[in-house]
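Single-structure report; data block below.
Just so it is clear, the structure is predicted and the values come from calculations on it, not from any experiment. Reminder, nothing fancy here: chain letters follow the sequence lines and each chain counts from 1.
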2 protein chains.
Amino acid sequence: MPGRHRPMATLATVAAAAGVSRQTVSNALNSPDLLRPETLERVQQAIDDLGYTPNRAARNLRTRASHLVGLRIEPALQGNASGLMDRFLHSLVESCKEAGLHVLLFAAEDVNDPLDGYDALLASAAVDAFVVTDTYRGNPQAAWLEARQVPFVAFGRPWAEPHAQHPWVDVDGRAGVGLAVEHLADRGHERIAWVGWQKSSYIGEDRRSGWLDRMHQRGLPTTRLSARGEDTIEFGRRAAHALVEGEQPTAFLCVSDTVAMGVLQAIADCGRRPGADDVAVVGFDDSLAAQVIPPGLTSVRQPLEGVAVEIVRLLEDRLAMRAVEHPHVILAPELRVRGTS
Amino acid sequence: MPGRHRPMATLATVAAAAGVSRQTVSNALNSPDLLRPETLERVQQAIDDLGYTPNRAARNLRTRASHLVGLRIEPALQGNASGLMDRFLHSLVESCKEAGLHVLLFAAEDVNDPLDGYDALLASAAVDAFVVTDTYRGNPQAAWLEARQVPFVAFGRPWAEPHAQHPWVDVDGRAGVGLAVEHLADRGHERIAWVGWQKSSYIGEDRRSGWLDRMHQRGLPTTRLSARGEDTIEFGRRAAHALVEGEQPTAFLCVSDTVAMGVLQAIADCGRRPGADDVAVVGFDDSLAAQVIPPGLTSVRQPLEGVAVEIVRLLEDRLAMRAVEHPHVILAPELRVRGTS
DNA sequence: GAGGCGTCTTGGAACGATCCAGAGGCTGCG
DNA sequence: CGCAGCCTCTGGATCGTTCCAAGACGCCTC
């Protein structure tokens, strides 16, 4: 690194300038109430004059804390995750800032190993904690991190082990879909179809249960109104065509915006226009595409800003070693109503 | 931070275990060729046995380098930037990993101050370098950072000062649009309209020049075939309607996917189908929406992976204080052909 | 066999902060 | 007046690594 114009000020420099000892300067920063006001001001003056900022590395070494939070960045998925991650990341960085933390991104050597990458950062004490995001495919990370007593918070429930004790924050997909059912039913729709993911997807089944339960609650039919498949446009299209040939639903509730795009195509194939012509479509994720496609896709929006806030809150508890009784937060999404419904 | 099960191994621990001095262990890691093979192996064995990893903070303190690269994350924009950032970030993290660097995200207190946030990280020696991304609105950061001799690389040319000497990497928007003109002309289109951003946008004018020049080169008309406005769907729609009423272009070349979405809507308004019906549309950015909207929007794709690689390469030069003669890289985008053309 | 050289190894110092124990001045109480 | 106790401030030690200068050792040469 090229040298600075002035040699960087240190505690000792400031101490000399203020005519006090190093420790006094340190106290001025970390426990100002220990100083006599007069001394404090003198030290402050010296700090300002010299433009002093504590050296991170030295502080980290001594306090054994880096105030960095590691986040493993997953390969950009083609579909739904893209765009979501953007929003989440920004909120997370913002929330971390409030807490005096920074976000350190890292990537795995081996993408398929969900543990890869964590170890290295941990062993070198480069980060204090982690935010774990890809819990949807099981969460070996949680067990691994917990065994090592590493502070971390997961975005996403431990579906496979519902009683896991580690802190997590998640979005109530089920409630979100429930909202959508309400919305559609209020507009007079009765045959509301579900276009979802495979049974093996915990998240997919959670969202589906929101549809199923609310439909039953309102006394609406669900038989032969449900399709399941992968998260692709193509699947959405095929599923919609099949459903139309069957029970002729008037509304399609989709597990993701990607699938919803396929459904929209299928409707266009039939020469009908969603929103008008008595056909409604609702997606999930409020992706950019949902906002952009005419006439605007109604979609369930995840409160990622809130998720970030809660994650950081739990992280702070954990870092401060405050025991929290039930460190689990489920946030309700909201419905963004647009032209397709 | 909660204590580990075993107290973390240190250089001294390893040295004791291997029966050598601290320095020898350090050499085993940093300049293994200084050691006799036999000694090296013994040390290696001890390192493996104890699961030793050098402590980052201590190393940072001693070497005055953090191997962290700061990236200021901007508020998620509604439009084109979203999704792009995702792709870029991932590539950057990946490239940084190759170089032994990590990416540290930070946010500004005051979003409107382009310098905010850099100072704090710099003064505390938390990062070694920066990647600066928002050069499109002028780049006071570049001047500021350069004055402080801080290593950094910009993503985006210094439009306002073309001869600035700091390293930067950019995408050749002009060439990308040129590609699109070729593509459309090859398909027989002659009246190809430009739907772009305001004259005040450097990037917008750069892209437009690609259209203008290539059109002239091929002897195609451009008068009354150009519209300029803001980056919204609504503008795209209005502009397309106006153009259709005028010169009746058969193809629309758009400065962004967002604008292109508006153009697509306008075409649908007229009851025609892009791709079929002799109307073509091309966008810019290859956003998620472009991939998802039927029948697929042809779009210019920025080589963000390549951008990240080049940025890190320049960053390494800079960090190693290697003088590079002309530290500027312009990468060519490619055209993703889809249904709309 | 002494001197010189190269290879390998060593202990001490330094990076810049915080922790710790204790010194000095002041007040208040017996 | 003496002493405990509080407040304020100090100097030394420490975190774990790398830099530095010098020591130990073996080998070659004269």
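- At distances below 3.5 Å, at least one donor-acceptor pair connects side-chain atoms of Ser124(B) with backbone N or O atoms of Ala120(B).
- Between Phe106(B) and Tyr118(B), the distance from one ring center to the other falls under 6.0 angstrom.
- Residue Arg64(A) places none of its side-chain N or O atoms closer than 4.0 Å to OP1 or OP2 of dT18(C).
- Distance alone, capped at 3.5 Å, is enough to place a donor-acceptor pair between the Thr63(A) side chain and the Arg59(A) backbone.
- Within a heavy-atom distance below 4.0 Å of DNA chain C, the residues of residues 15-28 of chain A found are Arg22(A), Gln23(A), Ser26(A).
- Taken to the nearest 0.5 Å, the CG atom of Asp119(B) stands 6.5 Å off from the CZ atom of Arg148(B).
- Within the 3.5 Å criterion, the main-chain N or O of Asp110(B) finds a donor-acceptor partner in the side chain of Asp116(B).
- Salt-bridge check for Glu316(B) with Arg313(B): failed, with every basic side-chain N at 4.0 Å or more from each acidic carboxylate O.
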Using a cutoff of under 3.5 Å, can you pull out all pairs of nitrogen or oxygen atoms linking the protein to nucleotides 4-8 of chain C, with atom names and distances?
none

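- Interface limits on DNA chain D: the 5'-most and 3'-most nucleotides within less than 4.0 Å of chain A heavy atoms are dT8(D) to dG16(D).
- Judged by closest nucleotide on DNA chain D, Leu40(A) is the one of Leu61(B) and Leu40(A) placed further toward the 5' end.
- Contacts of Asn60(B) with the nucleic acid, taken as non-hydrogen atoms under 4.0 Å apart, are absent.
- Residues Val69(A) and Phe130(A) are not in side-chain contact: their nearest non-hydrogen atoms beyond the backbone lie 4.5 Å or more apart.
- Heavy-atom contacts from other residues, nucleotides or ligands closer than 6.0 Å to CD of Glu41(B) number 12 or fewer.
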Asn60(B)/Ser66(B) under side chain to side chain donor-acceptor pair (under 3.5 Å): CA gap, chis, key distance, verdict: CA-CA 5 Å; Asn60(B) 292 352; Ser66(B) 66; 5.5 Å; no
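- Side-chain proximity of Arg62(B) to the nucleotides dA13(C), dT18(C), dG16(C) is greatest for dA13(C).
- When atom types are taken as modelled, the side chain of Ser95(A) and the backbone of Leu92(A) share no donor-acceptor pair closer than 3.5 angstrom.
- Asn30(A) places its CG atom 17 Å from the P atom of dG16(C), with the value rounded to the nearest Å.
- A donor-acceptor contact shorter than 3.5 Å is absent between the side chain of Arg42(A) and the backbone of Val20(A).
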